[in-house]
Trainee: 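My structure is below; once you've seen it, I'll send some questions.
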Amino acid sequence: MLKQQQRSCERASVVVSPIDDDGRMELRDVEADEVYEVVDYIDEELAMKLGSLSAGEAVNLELVAGADTSDVFGAVRIESTGPSARFR
């Protein structure tokens with residue numbers, strides 16, 4: 001699990017690939033149009049909330065960068081989400 005004292009950032013994103021069996025999900029940053037991967041979650045409740053999202057759904061997350069690479073993140077908090085704000 002993540003430690004909250006790590007430096008975080010907020011990203012407006014779209015789900016590219018929902019959480020898989022390994023707990024990984026791919027998101028596309030709306031502003032930068034870059035795909036990145038979320039591989040860890042601050043707690044089980046957040047993982048369950050993110051697990052309910054489908055491809056194309058918009059989500060605004062607070063994230064912490066992974067230690068080894070800049071394109072892997074851990075989710076700290078959902079700022080907002082909306083199935084009505086779908087992107088293709």
Side-chain angles (χ1 to χ4, degrees):
M1 286 290 164
L2 297 171
K3 296 176 182 168
Q4 249 183 322
Q5 64 262 36
Q6 292 172 289
R7 188 173 160 199
S8 65
C9 65
E10 199 174 301
R11 287 195 174 191
S13 305
V14 175
V15 177
V16 175
S17 300
I19 293 179
D20 64 17
D21 293 338
D22 294 327
R24 296 172 173 267
M25 72 184 303
E26 281 190 340
L27 300 170
R28 180 175 50 83
D29 184 296
V30 174
E31 293 179 24
D33 197 30
E34 295 174 348
V35 175
Y36 62 94
E37 192 171 29
V38 175
V39 298
D40 200 5
Y41 309 89
I42 194 75
D43 58 30
E44 194 63 34
E45 181 181 349
L46 179 59
M48 288 177 55
K49 286 180 184 177
L50 291 173
S52 70
L53 298 176
S54 302
E57 288 190 74
V59 62
N60 193 19
L61 290 174
E62 183 179 343
L63 302 167
V64 293
D68 297 335
T69 179
S70 63
D71 62 344
V72 175
F73 293 86
V76 176
R77 181 177 64 209
I78 294 177
E79 297 294 329
S80 63
T81 182
S84 60
R86 297 179 70 84
F87 298 91
R88 297 278 175 210

Trainee: Distance-only check: which donor-acceptor pairs under 3.5 Å involve side-chain atoms of residues 14-21, not counting sequence neighbours?
Mentor:
residue	atom	partner	partner atom	Å
Asp20	OD1	Asp22	N	2.9
Asp20	OD1	Gly23	N	3.1
Asp20	OD1	Arg24	N	3.0

Trainee: If every non-hydrogen atom of Ala65 is compared with every non-hydrogen atom of Phe73, which pair is closest and at what distance?
Mentor: CA-CD2, 3.6 Å

Trainee: I'd like to know if Ile78 and Met25 are part of one continuous hydrophobic network [Ile/Leu/Val/Met/Phe/Trp/Tyr, side-chain heavy atoms within less than 4.5 Å].
Mentor: yes

Trainee: In Å, rounded to the nearest 0.5 Å, how long is the span from CD of Glu31 to OG of Ser13?
Mentor: 9.5 Å

Trainee: Return the CG to CG distance between Leu46 and Asp40, rounded to the nearest 0.5 Å.
Mentor: 10.0 Å

Trainee: If you round to the nearest 0.5 Å, how far is CG of Asn60 from CZ of Arg77?
Mentor: 10.0 Å

Trainee: I'd like to check the salt bridge (charged side-chain N to carboxylate O under 4.0 Å, His left out) partners of Glu45; sequence neighbours left out, ordered by chain and number.
Mentor: Lys49

Trainee: If you round to the nearest 0.5 Å, how far is CG of Leu53 from CG of Leu27?
Mentor: 8.5 Å

Trainee: A side-chain contact here means heavy atoms from C-beta on lying under 4.5 Å apart; do Arg11 and Leu61 qualify?
Mentor: no

Trainee: At their closest point, which heavy atom of Arg28 faces which heavy atom of Tyr36, and how far apart are they?
Mentor: C-CE2, 4.3 Å

